[in-house]
Amino acid sequence: MRKKVMAIVLFSLFVVLAVSPASYAKIILKCGTSTQPTHIYNLAAEHFGKIVADKSGGEIEVQVFPASQLGSERDMVEGLQLGSLEMTLTSTGPMGNFVPQVKLFNLPFLFKDRESCYRVLDGEIGTQIADRFTKVGIRSLGWFENGFRNITNSKVAVNSPADMKGIKIRVMEDDVFILTMKALGASPLPMAFGELYTALEQKTVDAQENPLAVIHSSRFFEVQKYLAMTGHFYSPAVLLISEMTWKTLTPEQQKIVADAAVQARDYERELSLKADQELEAACKKEGMTITHPDKAPFAKAVASVYSNPSVIKAIGGGDAAEGQKLIDAAIAAAK
């Protein structure tokens, strides 16, 4: 009898060991962002995680790490390439260093409203550029939204490009941003976002430019007096996953992640729109002086960026003809 019981126990143990460990092991996807916990990036990443957990029956868990806990945006993208990080939701600021064609979306005053943005991002142009990411070891799960960017500073109310002369302004690590601010007469200083608040507080820089959701969640109103609603750039964001991580997922798991990303993208865009509608008043309540400059003189001042040979060549990934083709196609699609 004892031998029979032992045989049953051993058989049961064999069955347990024979089952693939993958069916028991939870998959952890760490997702880093550079923004504060209350920012729409993190709200969207958490929403994405809830959908993934629900659809996978808890098999996949997304852990969100805000406020540059896992490094700068560039550090995190490099982590995806190395396989040391699974996911990030990032601005396009550092992405031109990996996929040059992303610089197209950084052109000033390219988009007049959100509808024109989505036509380009969700259409053929955005898809073609996103498809290039896999060549550098990362995969795009969709174009999210950073939003229309506005200028804050600690020195002067900005009503015209002339007011920008000599202002030291932090910009993302991208040559299009740098050239745009130079065209406005400002002195751009590329800097990682995680260093920005301290730089503003210590007067290392006078100004910065970001969407309202970033300005408010980062509490820049504590170190910046003036806010100019210039809307000079529309800044997309992108949800990325390491290609190494992607290949470890089953086709069913990949579909769950991809579908959840689309739902999270739409959710995040709604949050961004709501933020633009509400946060201007919130910044004013915090004591900021807000101006609404005529955008036409600003657009005229930065027109040279579109004809800059280095910009055109960069957008084409080293091919000027390809760069001009992309620029012309985006302008046409955004109309």
Residue pair Asp122, Arg265: steps toward the salt bridge (charged side-chain N to carboxylate O under 4.0 Å, His left out) verdict: CA-CA 11 Å; Asp122 300 339; Arg265 178 202 68 189; 3.7 Å; yes

His292/Ile290 under side chain to side chain contact (heavy atoms under 4.5 Å, CB included): CA gap, chis, key distance, verdict: CA-CA 7 Å; His292 290 81; Ile290 301 175; 3.9 Å; yes

Full working for side chain to side chain contact (heavy atoms under 4.5 Å, CB included) between Leu179 and Val176: CA-CA 5 Å; Leu179 288 169; Val176 178; 5.9 Å; no

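Taken together through direct or relayed side-chain contacts under 4.5 Å among Ile, Leu, Val, Met, Phe, Trp and Tyr, Leu85 and Tyr41 form parts of separate hydrophobic clusters. Leu249 and Ile138 are members of different hydrophobic clusters when ILVMFWY side chains are connected at heavy-atom separations under 4.5 Å. Put simply, Phe193 and Val171 are part of two different groups of oily side chains (I, L, V, M, F, W, Y) that touch within less than 4.5 Å, one to the next. Met229 and Tyr226 fall into different hydrophobic clusters, defined by Ile, Leu, Val, Met, Phe, Trp and Tyr side-chain heavy atoms under 4.5 Å apart, directly or through other members.
Ion pair Glu61/Lys26 flagged as a salt bridge, since at least one NZ, NE, NH1 or NH2 atom sits closer than 4.0 Å to an Asp/Glu carboxylate oxygen. Remark: Asp131 does not engage Arg139 in a salt bridge, criterion side-chain N to carboxylate O under 4.0 Å. Here Asp206 does not pair with Arg170 in a salt bridge; the nearest charged N to carboxylate O distance is not below 4.0 Å. The pair Glu222-Arg219 meets the salt-bridge criterion, with a side-chain N (NZ, NE, NH1 or NH2) lying under 4.0 Å from an Asp/Glu carboxylate O. A salt bridge links Glu78 with Arg74; the closest basic N to acidic carboxylate O contact falls under 4.0 Å. Ion pairing between Lys325 and Asp319 fails under the 4.0 Å rule for side-chain N and carboxylate O.
A donor atom on one side chain and an acceptor atom on the other are found under 3.5 Å apart for Glu59 and Gln253. Asn106 and Thr92 share a donor-acceptor pair across their side chains, judged by distance under 3.5 Å alone. Counted by atom type alone, Gln324 and Asp328 present one or more donor-acceptor pairs between their side chains at under 3.5 Å. Residues Ser91 and Glu73 bring a donor and an acceptor atom of their side chains to less than 3.5 Å of each other. Glu243 and Thr134 share no side-chain donor-acceptor pair at under 3.5 Å.
Listed for the Ser116 side chain is a donor-acceptor partner under 3.5 Å among the backbone atoms of Asp113. Asn210 places no side-chain N or O within 3.5 Å of a backbone atom of Ile215 that could act as its donor or acceptor partner. Side-chain N or O atoms of Ser56 include one that pairs as donor or acceptor with a backbone N or O of Ile60 at under 3.5 Å. The closest donor-acceptor contact from the side chain of Gln69 to the backbone of Pro66 lies under 3.5 Å. Of the possible donor and acceptor atoms, none in the side chain of Tyr306 sits under 3.5 Å from a partner among the backbone N and O of Val311. Asn97 places a side-chain N or O within 3.5 Å of a backbone atom of Pro94 that can act as its donor or acceptor partner. With hydrogens and angles ignored, the 3.5 Å screen pairs no side-chain donor or acceptor of Ser272 with any backbone N or O of Glu268. Counting only distance, with no hydrogens or angles, the side chain of Glu46 and the backbone of Leu43 share no donor-acceptor pair below 3.5 Å. Between the side chain of Ser242 and the main chain of Leu80, a donor-acceptor pair closer than 3.5 Å is present. Remark: side-chain polar atoms of Asn308 are not paired, donor with acceptor, to backbone N or O of Val305 under 3.5 angstrom.
Tested against Tyr234 for a ring-ring contact (aromatic ring centres under 6.0 Å, His included), the candidates Phe105, Trp143, Phe109, Phe148 yield a single pass: Phe148. For the salt bridge (charged side-chain N to carboxylate O under 4.0 Å, His left out) test with Glu145, the passing option among Arg269, Lys274, Arg114 is Arg114; the others fail.
Classified by interplanar angle (parallel below 30°, tilted 30° to 60°, perpendicular above 60°), the ring pair Phe221/His216 is tilted. Taking the six-membered ring for Trp and thresholds of 30 and 60 degrees, Tyr197 and Phe220 have nearly parallel ring planes, at less than 30 degrees apart.
Within the 4.5 Å cutoff, no side-chain heavy atoms of His232 are placed close to those of Val302. Side chains of Thr289 and Lys225 form a contact here, defined as non-hydrogen atoms less than 4.5 Å apart. Looking at heavy atoms from C-beta onward, Ile40 lies out of side-chain contact with Thr35 at the 4.5 angstrom threshold. Inter-residue side-chain proximity for Leu89 and Phe48 is flagged as unmet; no heavy-atom pair is nearer than 4.5 Å. Inter-residue side-chain proximity for Ile151 and Met164 is flagged as met; some heavy-atom pair is nearer than 4.5 Å.
Lys112 and Ala334 make their closest contact through NZ-O, 3.1 Å (heavy atoms, listed as atom of the first residue, atom of the second, distance). Residues Thr38 and Ser217 share a closest heavy-atom pair of OG1-CB, 3.6 Å. Between Leu239 and Ala261, the shortest heavy-atom contact is CD2-CB, 3.9 Å. Summarising the geometry of Leu70 relative to Gly32, their closest heavy-atom pair is CD1-CA, 4.0 Å, with the distance given to 0.1 Å. Heavy atoms only, all atoms of each residue included: Thr245 and Leu29 are closest at CG2-CD2, 3.6 Å.
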